[in-house]
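What follows is a set of notes on a single structure, which appears directly below.
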Amino acid sequence: MKKQVAVLEDNPNIRELIEYILEENEIDVVSFESTRAFLNALAKINPSLFILDIMLPDGNGIDVCRQLKSNELTQKIPIVMISAHSNQLPLDCDAADFIEKPFDIDNFVNTVERQIA
């Protein structure tokens with residue numbers, strides 16, 4: 001069974017790049033452009049990993065991370081935060097890893113594969 005990654009990224013170019021990279025590595029992707037869409041779909045998905053952008057137009061990936069970690073159904077699923085603003089650290093949300101934009105594709109894939117192993 002293929003692993004699934006849920007991506008919350010508002011930038012359509014980055015979101016499409018992430019989808020392409022993961023699908024090329026035989027990983028199913030469900031992606032969302034807004035916090036609202038992500039949270040509305042949460043009960044319908046079963047990912048092995050969450051990738052969350054920090055700065056979003058209708059919320060904050062750190063707050064979403066905290067929500068996921070406080071929910072019994074999602075608290076054990078690893079979370080990778082992604083942002084161009086590394087000054088946002090420390091994340092204060094128990095994320096498993098952080099990827100800075102722009103990212104190296106090999107490093108991105110290695111990080112994802114390590115987290116879903």
Do the side-chain N and O atoms of Ser31 and Glu19 include a donor-acceptor pair separated by under 3.5 angstrom?
yes
Within the 4.5 Å heavy-atom criterion, are Leu56 and Leu8 side-chain neighbours or not?
yes
Give a yes or no on whether Leu17 and Ile82 share a hydrophobic cluster (residues Ile, Leu, Val, Met, Phe, Trp, Tyr; joining criterion: side-chain heavy atoms under 4.5 Å apart).
yes
Indicate, with yes or no, if Ile105 and Ile27 share a hydrophobic cluster defined by side-chain heavy-atom contacts under 4.5 Å among Ile, Leu, Val, Met, Phe, Trp and Tyr.
yes
If you round to the nearest 0.5 Å, how far is CG of Asn25 from OH of Tyr20?
10.0 Å
Verify the cluster assignment for Val30 and Leu49: are they in a single hydrophobic cluster under the rule of side-chain heavy atoms below 4.5 Å apart?
no
Taking side-chain hydrogen bond (donor to acceptor under 3.5 Å, both in side chains) as the definition, give me every residue that meets it alongside Thr35, ordered by chain and number, with sequence neighbours left out.
Asp58
Between CD1 of Ile62 and CG of Asp94, what distance do you get to the nearest 0.5 Å?
13.0 Å
Approximate separation, where rounding is to 0.5 Å, of Asp53 CG and Ile14 CD1
7.0 Å
With sequence neighbours excluded, residues passing ring-ring contact (aromatic ring centres under 6.0 Å, His included) with Phe50:
Phe38
Would you give the length of the straight line joining atom CD1 of Ile45 to atom CD of Gln4, rounded to the nearest 0.5 angstrom?
6.0 Å
Same apolar cluster (I L V M F W Y, side chains within < 4.5 Å links), Ile54/Ile99
no
Gap between atom CG of Asp63 and atom CG of Leu39 - 0.5 Å precision
10.5 Å
Give every residue pair that meets the salt bridge (Lys or Arg N to Asp or Glu O under 4.0 Å) criterion with at least one member in residues 7-16, sequence neighbours excluded.
Glu9-Lys101, Arg15-Glu33
Please give me the minimum heavy-atom distance between Phe32 and Ala41, naming the atom from each residue.
CE2-CB, 3.4 Å
Check residues 69-81 and write down every donor-acceptor pair under 3.5 Å in which the side-chain atom is one partner and the other belongs to a residue at least two apart or another chain.
{"unit_1": "Lys69", "atom_1": "NZ", "unit_2": "Gln75", "atom_2": "O", "d": "2.9"}
{"unit_1": "Lys69", "atom_1": "NZ", "unit_2": "Ile77", "atom_2": "O", "d": "3.1"}
{"unit_1": "Ser70", "atom_1": "OG", "unit_2": "Arg66", "atom_2": "O", "d": "3.2"}
{"unit_1": "Ser70", "atom_1": "OG", "unit_2": "Gln67", "atom_2": "O", "d": "3.0"}
{"unit_1": "Asn71", "atom_1": "OD1", "unit_2": "Leu73", "atom_2": "N", "d": "2.8"}
{"unit_1": "Thr74", "atom_1": "OG1", "unit_2": "Leu68", "atom_2": "O", "d": "2.6"}

Exercise answer: donor-acceptor pairs, residues 106-117 side-chain atoms, under 3.5 Å, sequence neighbours excluded:
{"unit_1": "Asn110", "atom_1": "ND2", "unit_2": "Asp106", "atom_2": "O", "d": "3.2"}
{"unit_1": "Thr111", "atom_1": "OG1", "unit_2": "Asn107", "atom_2": "O", "d": "2.8"}
{"unit_1": "Arg114", "atom_1": "NH2", "unit_2": "Asp97", "atom_2": "OD2", "d": "2.7"}

Quick one: which residue pairs count as a salt bridge (Lys or Arg N to Asp or Glu O under 4.0 Å) with a foot in residues 39-52, not counting sequence neighbours?
none
Just grab all the salt bridge (Lys or Arg N to Asp or Glu O under 4.0 Å) pairs involving residues 23-32, residues at least two apart or on different chains.
Lys2-Asp28
Please tell me whether Phe103 and Val5 are part of a single hydrophobic cluster in this structure, the criterion being side-chain heavy atoms less than 4.5 Å apart.
yes
